[in-house]
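Structure record follows, encoded as structure tokens.
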Amino acid sequence: MKILIAGIDGYLGWPLALHLSGRGHEVGGIDMYLRRKWVEEMSSWSALPISSMPERLVALKERHDREISFWEGDLTNYDFVEGIIREFEPDAVVHLGECPSAPYSMIDVHHAKWVQSNNVDSTFNLIFAMRDHRPEAHLLKLGTMGEYGTPGMPIPEGFFEIEYRGHKDRLPFPRQAGSWYHWSKVHGSNNIMFACKIYGLRATDIMQGVVFGTQTDEMAGDPRLLSRLDFDQAFGTAINRFCCQAVIGHPLTPYGRGHQKRGFLPLRDSMQCFTLALENPPEHGEYRVFNQFHEVYDIVSLANTVREVSSDLGLDVEVRHLDNPRMELEEHFYEPDHQHLLDLGYQPAHDVATEVRMMVGDLIAHRDRIEAKKDALVPDVNWSGRRSRVGFVGEQTVSTRD
Ligand code: USQ
């Protein structure tokens, strides 16, 4: 299959390109390196040193004798996107080319507007270029479990049967996103659902949980093939941040009471799930939704797992709660379905503790890089719109922008 990955330089995009090309698919990718720039803007860098895209492509050729087509450019430029769809003629398009950060979207009006317009525009461009030039192709779009929020009832995979005043229907499950970023994903989902209906496109919308991990099999043995691993307040996800905190002896930082629950999955499982969706496409005109995660955890349990594993590896780490910079429920019901991918054959690779052990082991070698940017570990982006560094629970906060 010919598969185009929008956002091939990112945390998920690069390992997915390696994985799919390893399975014999012909892979092409688009990127303009925005993730590298956003993380720099947050005064941080990847804990694992990563190669440039030209270096990655050379390493892939030397190590595995495989090639990937690459276009550098802006997904919000329709002519650029249309030109690539016409030239490459993909059978499937994976859309990972969006800004993935809730905190980044909450910084101020400029960041909120930019994240929403960038994410919605890039999706529109892919929809229309596919409609006009590859209407048979499958659009695999990265959504987020965060689109649903944390309702007080089980969460189905996209749709549910509901009876109201004597009438029954199958309707989209309500979205209650918790950041401007998460709302941008809702808008993208709605637009794709509508495009499938009116243009007969086919799409899989992946409601993915929080991804963590440093490794996939295809990277092994060649540091030039590693993917990035962020730990700053905006682009580092909870477990990745906890593992980086552990290796420099920084307290692990659950926000608030820390009983927020989320679905988590290792990076290697994310690759497996995307592949299953691509190799088992929907019917023409079908819009389907997969909830993509392995296990539900609360944040404090995760922090404790990272602490225990780190202690086995000789690291002395404590868990200290930070005042929560976000507006979110800190204790809630959370029971999302995730059967569709299991039905397609998803086999979870490891439990969280095993994956965390590998991560911490990998990160110890790069302790100096985390230490050098450790100020980026403590959040100062607040959902209230005030920019002030949050303190540990019970401590006074220090304003950084007043
Ligand atoms: N959290 C802490 N301490 C930290 C960092 C985060 O307690 O140091 C908490 C957050 O308050 C939140 C939970 O951990 O309750 C998850 O936060 P996160 O930063 O790991 O993840 P989130 O902001 O939700 O976003 C990440 C990805 C995003 C993806 C989403 C999936 O950045 O692209 O859409 O995970 S989900 O969380 O299921 O919406």
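Positions are given from 1 along the sequence. Note that ligands are numbered from 1 as they come in the structure, with each ligand's atoms numbered from 1 the same way. Both backbone and side-chain heavy atoms feed into the values below; hydrogens, waters and symmetry mates do not.
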As a check for students: among Gly143, Ala238, Gly149, identify the option with a heavy atom nearest to atom 18 (P) of ligand 1. Ala238
Under the side chain to side chain contact (heavy atoms under 4.5 Å, CB included) rule, what do Glu136 and His284 come out as? Steps first, then yes or no, please. CA-CA 7 Å; Glu136 306 288 301; His284 297 289; 3.1 Å; yes
For atom 28 (C) of ligand 1, which protein heavy atom lies nearest, and how many Å away is it? Pro100 O, 3.3 Å
Is Gly263 near ligand 1, meaning one of its heavy atoms is under 4.0 Å from it? no
Before giving the answer on salt bridge (charged side-chain N to carboxylate O under 4.0 Å, His left out), spell out for Arg86 and Asp132 the whole-Å C-alpha distance, their side-chain angles and the decisive distance to 0.1 Å. CA-CA 9 Å; Arg86 291 172 79 153; Asp132 291 346; over 6 Å; no
Compute whether any side-chain donor of one residue and acceptor of the other, for Ser51 and Arg224, lie under 3.5 angstrom apart. no
For ligand 1, which atoms sit closer than 4.0 Å to a heavy atom of His182? 24 (O), 39 (O)
Quick one: which of Asp298, Leu265, Thr144, Leu329 has a heavy atom closest to atom 31 (C) of ligand 1? Thr144
Could you tell me how the ring of Phe128 sits relative to the ring of Phe124: parallel (under 30°), tilted (30 to 60°) or perpendicular (over 60°)? tilted
Numbered atoms and elements of ligand 1 in range of Gly146, under 4.0 angstrom, heavy atoms: 36 (S), 38 (O), 39 (O)
For Asn324, is at least one N or O under 3.5 Å away from an N or O on ligand 1? no
For atom 11 (O) of ligand 1, what's the nearest protein heavy-atom neighbour? Residue, atom name and distance, please. Glu328 OE2, 2.6 Å
Tyr181 touching ligand 1 at heavy-atom level, < 4.0 angstrom: yes
Just checking, any donor-acceptor pair under 3.5 angstrom between side chains of Asn324 and Glu330? yes
With distance as the sole criterion, is a donor-acceptor pair present between the side chains of Asp205 and Ser189 under 3.5 Å? yes
Could you find the nearest protein heavy atom to atom 37 (O) of ligand 1 and give me its residue, atom name and distance? Val210 CG2, 3.2 Å
Any nitrogen or oxygen of Thr237 lying under 3.5 Å from a nitrogen or oxygen in ligand 1? Just yes or no. no
Any N/O of Ala102 closer than 3.5 Å to an N/O of ligand 1? no
Give the contacting part of Lys185 toward ligand 1: side chain, backbone, both or neither, where contact means a heavy-atom distance below 4.0 Å. neither
Nearest option to atom 2 (C) of ligand 1, as decided by whichever heavy atom of Phe293, Tyr104, Tyr255 sits closest: Tyr255
Judged on heavy-atom distance to atom 5 (C) of ligand 1, which of Gln260, Gln245, Arg241 sits nearest? Arg241
Ring centre gap for Phe264 and Phe293 strictly below 6.0 Å: no
Does the side chain of His340 pick up a donor-acceptor pair with the side chain of Gln292 at under 3.5 Å? no
Quick one: does Gly209 get a heavy atom under 4.0 Å from ligand 1? yes
Identify which of Leu377, Ile299, Thr253 has a heavy atom lying nearest to atom 14 (O) of ligand 1. Ile299
Less than 6.0 Å separating the ring centroids of Trp71 and Phe80? no
From the list Arg367, Arg369, Lys373, Lys374, side-chain hydrogen bond (donor to acceptor under 3.5 Å, both in side chains) with Glu371 holds only for Lys374
Any heavy atom of Gln208 under 4.0 Å from ligand 1? The part involved is backbone
So Trp38 and Phe235, would you call those rings parallel, tilted or perpendicular, with 30° and 60° as cut-offs? parallel
Against heavy atoms of Arg262, which atoms of ligand 1 measure under 4.0 Å? 12 (C), 15 (O), 37 (O)
Side chains of Asp298 and Ser301 only: does a donor on one sit below 3.5 Å from an acceptor on the other? yes
To which of Arg326, Met145, Met207 does the heavy atom nearest atom 19 (O) of ligand 1 belong? Arg326
